[in-house]
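Notes for the one structure printed next.
Each chain gets a letter, A, B and so on, in the order its sequence line appears, and its residues count up from 1.
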Amino acid sequence: MDAFSAVLQGLPMTIVLTLSAFAIGIVGAVPLAVGLSSSNIVVRLACRLFVDLVRGVPIIVWLFLLKFGIQVGTFKFNPVGAAIVGLGVVSIAYLAEIYRGGLESVPRGQNEAADALGLSRGTTFLRVLVPQAFRIVSPSIATYLTGLLKDSSIASTIIVAEMVFQSQAFARQHPTMEGILPYVLVGILYIVLSLPVAYLSRSLDARMRKAVYA
Amino acid sequence: MNWLIEWAGYLPQLMSGLGVSLMIAGVSIVAGYPLGLVLSVMVQHRNLAVRTLGLAVVEIGRGAPALVILYLFYYGLPKFGIAFESITAACLALIWNSAAYSSEIMRAGMQSVARGQHEASAALGLSRGHTFFRVIMPQGMRSAIPGLMGVAIQMFQGTSLAYAIAVPELMKSAYNIGSQDFNYLQIFALAGICYAAISMPATWITVYFEKRLARHT
């Protein structure tokens, strides 16, 4: 088997890890972002502490903590589960911070105008603030997705058979010069994989700008 | 209470690991930022060959996961007879990483300097070198400070990846202690606290600087 097909064997797992964690993050970050901009100081501080703590600890520590540290009765995480939950929780924290920035950048007048129109708080949030905030943060979310793609490589340290893990397996079997190939190829593959996301983000950004300033 | 007593016993061993982590982070910052400055100039250079080379180094450093670059240095290059000690490989990989990330931040900072500054320097008859080093760079660097602090925190956290090539840093020390008596939960929680104890205050300081700089512009 050549190096490239060896690396490609890990591609589905890399994509599964990235997209699952991203899905967890995208949804889970919503309540946290609301908490971060809550007017209740206890809620706000608790959410802030959670976000800063999750972001202050390297991903590899979270993965090891889940994989080796958690045992409830007979339940233990398998490597893939630990990787998805770990990367998911980290995504929640990072995306919540991105959402909060977006919500804060919506002009205060929008809130007041919605209030003056007699819109309920829920309607104001969902129909006025969120659509405008989303336009502002969509490029940051795309950037985070490419970061998450790269961070999924850390799952190889808890023996998840994704791309970097497969590269290592190939390199171990080929102690000759050929053994450097999988590392070069996997590096290029990560860059190539992040290109469509970057492209999507740019075109999304351009479309959103048009929608705002039309 | 039991946990606290055990933690106190683990702490000395972890501290020596933390020292190695901080050392690697320090090297990657001290060597990486000047390289980042060079790269940021290369990326804006008129000469196509210089610009392409700079772009390639930056894009690989930012686009490939740090773990892959780490493995490339530690497992890949020895197959060509270029072998490093694990700690050297970790430093080299993270230097590349920090140079690539910091170069983008410095470039953005320097591009944010108003065009009038370039024109005024030209009108005053300053040479191009003078314009860059005495006018553009000081102003651009100022606005790059919070971003560079962010990269420094990222580098400190990135040192945990050196675990994967058996560098005796914080994560590796934690793992070693854990595999002696299988107290993985306690030991990794303590390791996490050690990382957070440095990253969290550093983040708060960065946010403070960000706000201060935003006030002045």
Side-chain angles (χ1 to χ4, degrees), chain A residues 7 14 48-49 51-71 97 146-158 162-165 167-168 171-172 174-195 198, chain B residues 21 56 59-82 153-154 156-165 169-172 174-175 178-179 182-204 207:
Chain A
V7 173
T14 291
R48 166 61 44 207
L49 193 68
V51 169
D52 284 355
L53 182 68
V54 171
R55 299 200 310 166
V57 176
I59 293 171
I60 190 169
V61 178
W62 288 121
L63 297 190
F64 273 71
L65 205 56
L66 290 171
K67 171 74 177 62
F68 297 108
I70 301 292
Q71 189 170 16
E97 189 68 6
T146 59
L148 188 59
L149 171 73
K150 288 186 286 167
D151 286 343
S152 74
S153 65
I154 298 172
S156 68
T157 57
I158 54 167
E162 46 69 75
M163 294 204 295
V164 173
F165 183 85
S167 318
Q168 271 205 293
R172 256 190 224 115
H174 296 76
T176 52
M177 280 192 179
E178 212 188 344
I180 198 175
L181 261 180
Y183 296 122
V184 175
L185 289 174
V186 79
I188 295 171
L189 204 52
Y190 276 106
I191 297 173
V192 169
L193 282 174
S194 58
L195 289 179
Chain B
S21 294
E59 287 307 314
I60 294 169
R62 277 164 26 106
L67 195 60
V68 171
I69 300 180
L70 206 62
Y71 286 157
L72 193 65
F73 275 104
Y74 190 62
Y75 294 119
L77 288 183
K79 304 198 169 173
F80 287 80
I82 312 166
I153 299 170
Q154 194 188 324
F156 170 63
Q157 296 205 1
T159 60
S160 62
L161 298 177
Y163 157 81
I165 57 169
E169 44 69 71
L170 181 51
M171 189 62 196
K172 180 72 184 163
Y175 189 80
S179 47
F182 303 103
N183 282 337
Y184 287 116
L185 184 59
Q186 277 107 311
I187 191 65
F188 287 132
L190 183 61
I193 291 171
C194 290
Y195 281 110
I198 292 177
S199 303
M200 286 170 75
T203 309
W204 297 330
V207 171

Query raised in the report: Roughly how far, to the nearest 0.5 Å, is CG of B/Leu67 from CD of A/Gln168?
Result: 7.5 Å
Query - Part of B/Ile60 within contact of chain A (heavy atom distance under 4.5 Å) - result: both
Requested in this report: Assess whether ring-ring contact (aromatic ring centres under 6.0 Å, His included) is satisfied between B/Phe182 and A/Phe68, documenting all intermediate values.
Outcome: CA-CA 9 Å; B/Phe182 303 103; A/Phe68 297 108; over 10 Å; no
Report summary line: Cut-off 4.5 Å, heavy atoms of chain B, and the answer for A/Ser167 is neither
Query raised in the report: Between B/Leu72, B/Leu161, B/Ile193, which shows the greatest number of heavy-atom pairs under 4.5 Å with chain A?
Result: B/Leu72
Query raised in the report: To the nearest 0.5 Å, what is the distance between CD (A/Gln71) and CG (B/Leu185)?
Result: 10.0 Å
Query raised in the report: How many angstroms lie between OG in B/Ser160 and CD1 in A/Ile59, if you round to the nearest 0.5 Å?
Result: 8.5 Å
Query raised in the report: Between A/Asp52, A/Ile154, A/Leu149, A/Val184, which residue shows the highest count of heavy-atom pairs closer than 4.5 Å to chain B?
Result: A/Asp52
Report task. Could I get the full list of ring pair (Phe, Tyr, Trp, His ring centres under 6.0 Å) partners for B/Tyr74, not counting sequence neighbours? Result -> none
Query raised in the report: Using non-hydrogen atoms only, which part of B/Ile198 is less than 4.5 Å away from chain A: side chain, backbone, both, or neither?
Result: neither
Requested in this report: Please look at B/Thr203 and chain A and tell me whether the side chain, the backbone, both or neither of the residue comes under 4.5 angstrom of a heavy atom of that chain.
Outcome: side chain
Report task. Give, as side chain, backbone, both or neither, the part of B/Gln186 having an atom under 4.5 angstrom from any heavy atom of chain A. Result -> neither
Query raised in the report: Heavy-atom distance under 4.5 Å to chain B: side chain of A/Pro175, backbone, both or neither?
Result: backbone
Query - CG-OH distance between A/Leu53 and B/Tyr195, expressed to the nearest 0.5 angstrom - result: 14.5 Å
Query raised in the report: What residue, out of A/Val54, A/Thr176, A/Thr146, has the most heavy-atom pairs lying under 4.5 Å from chain B?
Result: A/Thr176
Requested in this report: Could you tell me the separation between the CD1 atom of B/Ile187 and the CZ atom of A/Phe64, rounded to the nearest 0.5 Å?
Outcome: 13.0 Å
Report summary line: Applying a strict 4.5 Å limit to non-hydrogen atoms, the region of B/Tyr175 in contact with chain A is side chain
